[in-house]
Amino acid sequence: MTDQQEKQQALRFFRQLVRVRIFEERVSELFVQGGTAGSMLHLSIGEEAGAVGVMGAMREGDGFTTHHRGHGIFLARGADPKKMMAEIAGKSTGYCRGKGGSMHIADRGLGHLGANAIVGGGISHVVGAGLTYQMKHHGNAAVAFFGDGAMQQGVLYESMNLSALWKLPVMFVCVNNEYGMGTRLDHASASLEFEKRAETFGLLAAEVDGIDVFEVYNQSKNLLEDVRKGNPAFLKVNSYRFHGHARMDKSPYRDQQEEEEGRKKDAIAFLRDRIVKSGWYQETECDAIVEEVKQEMDEALNHARNAADPGADEMYEDVFDPQTTKPFPVDSRIRESLHLPQA
Amino acid sequence: MTETTYREALRQALTDSMRRDPSIVILGEEVGKYGGAYGVTKGMLEEFGEARVRDTPISEEVIVGTAVGAAMTGLRPVAELMYVDFVTLAMDQLVNQAAKIRYMFGGQIGVPMVLRSQGGTGRSGAAQHSQSLEAWMMHTPGLHLAMPSTVTDAYHLLMHALTLHDPVVFLEHKGLYTMKGELKPERALPWGKAEVRRKGGDCTLVSYSRMVHFCLDAADSLSKEGIEAEVIDLRTLHPLDMDTVSESVSRTGKAMVVTEDCLTAGVSAEISARIMEEAFDFLEEPVLRLSGEDIPIPVSPELEKGSVPSVDRIISTAKMLMRR
Ligand SMILES: Cc1ncc(C[n+]2csc(CCOP(=O)(O)OP(=O)(O)O)c2C)c(N)n1
Ligand SMILES: [Mg+2]
């Protein structure tokens, strides 16, 4: 990479990282004001480099699934923050017309096969997507993002085994933030050498420090090259969850010193420092990017606030293919039983 | 007339569908070289090759999860679970994932997959290899549920399942695989339409899967005693064709639901409630439910038989219903 190319890449990454951070800050505001749908909101602040670095190495046509902490990943994929914010608010203009929300957001066009509220729930779907790509769209890869908590779910190992057995273009990405809710990883896992687990199944495996988006990107790029040839891989991105598990959690189970140390793993500050030190941009120019992003996310926030709720009848839509069968409303059945006119 | 077994009819449906639609793949334990635990996919590996008939490890959750992901991205997988009892290991994928993806994602992504399995008693399989778990699926919005009782239905329902855009749970009965019958390729009924297997004006027996045959045998005996029972085969539990049932009850005034699954919160509870809602004005007696006992299935062949409805019990219960 020439210095000029590296500069361009760094500036792109910087904007993406900032977009994730500020998106999460705005969506958090929306939550506090009661504007989000759903009682839980999981922020990915502190995990931005995992999202941006891996996504940077993915290509059009690739598919992916995420865990419940997936806003940043989807945004880094190119999601429209307006449609994301609207979905998180449960509004009709959201990606899933207000039916999925933060933990079930998806978009066929961008290859987002769904966030999942079941820990480990979306992991095996990329095995299936990988099978489709192997048979019909050679060269595409399917990537599952999940937390360190899912490392203790059995389905991950069923999925690793089958991907390796069938030589599927699949990559498993563990976004390690040290915690599953309030349980620190070393309380949940007898061994912390996750790469060994993957290697045992015949996967390529790597670990990367999530403070450096370039490193995440380079590792992902290397692995994905092999993945596309049918060598499934595992990547562990080490980061720290800056805030609580969900928006209302104040993390009383973590001591202050640990949190202060953890928050030093800040990929945005790290990259900004490099950009300035390399003379690629001045501090003021970095600030200008941040301001632009703030504006973008404020617009998204306003869009979500003002968007319409879904129509009441939409509740019965999308259970099945519209050409087939539709649920029969409870009230209609009661009225039919009593021979009363339908409301 | 060509006689075919239920098993062969299923294989024929898979084969015909796979010849027509190259996106169909089969995956499951022992579906390839072994030919399926109950022989349904025998010989299919030879015709379609390892890419389309895929033996999997003994990993039920990833079998169903892989089918879900493949269905979301453009294949049409047929996942086989050797016994429906093993669906417990894949329940997250079936209930939280397959059934809900279209809805959660606002209609963007469908899951056109078929989950084939088999259930029921009759082979002394005991508590973990004999259950009838259809109520769990019927209780889950987002799933189609087919339970064929005849050779022709085994063929047509599976053919149809492989054209739908949503997940279909397709439950065969282990006691029916060797049953012979005529395969009538022209006999396709619409999906979600019940079939009146026997006409009768005195009472209505509502059933599906193997119990339909028990009801038909019972109806023959009842007829000799002057009771004409109408026997309805629901064929699919989702969609559920209550119109055919209500129409029958409006003529007979008496209904009995016969199922192999456990009584409590079982399929017969739903059907009898629906008869009460939809044909209350015609009912002359309470709707009776003759279902499996609320016990795990015992291994003793005698106890196993006693744990689910028998032809004799259907006869005696129908007579009670007729106050005879
Ligand atoms: C199957 C399942 N079990 C438990 C939960 C409750 N739960 C939600 S998030 C979470 C912690 C997950 O930790 P991790 O996978 O590390 O992801 P993180 O929240 O740290 O991003 C738990 C236990 C769940 N949603 N699904
Ligand atoms: Mg975690």
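In what follows, chains are A, B, ... by sequence order, proteins preceding strands, each numbered from 1.
- Under the 4.5 Å side-chain criterion, counting only non-hydrogen atoms from C-beta, R305(A) is in contact with L30(A).
- If you measure heavy-atom distances from H339(A) to chain B, the contacts under 4.5 Å come from the side chain alone.
- Residues V127(A) and E158(A) fail the side-chain proximity criterion, which asks for heavy atoms closer than 4.5 Å.
- Note on L165(A), I105(A), N161(A), D107(A): by heavy-atom pairs under 4.5 Å with chain B, the leading option is D107(A).
- Proximity of E30(B) to M82(B): side-chain heavy atoms (C-beta onward) are separated by under 4.5 Å at one or more points.
- Put simply, the side chain of L164(B) does not reach to within 4.5 Å of the side chain of D321(A), judged on heavy atoms.
- Each of G121(A), S159(A), G100(A) has some count of heavy-atom pairs under 4.5 Å with chain B, and the biggest count is that of G121(A).
- For L113(A), the parts sitting under 4.5 Å from any heavy atom of chain B are the backbone and the side chain alike.
- Contact count against chain A (heavy-atom pairs under 4.5 Å) is highest for L143(B) among L27(B), L143(B), V64(B), I63(B).
- The part of I101(B) that comes within reach of chain A is its side chain, from C-beta onward, which places non-hydrogen atoms under 4.5 angstrom from that chain.
- For V126(A), no part lies near chain B; criterion is any non-hydrogen pair under 4.5 Å.
- The six-membered or imidazole ring of F320(A) lies near that of H144(B), with a centre-to-centre distance under 6.0 Å.
- R76(B) places none of its side-chain heavy atoms less than 4.5 Å from the side chain of V25(B).
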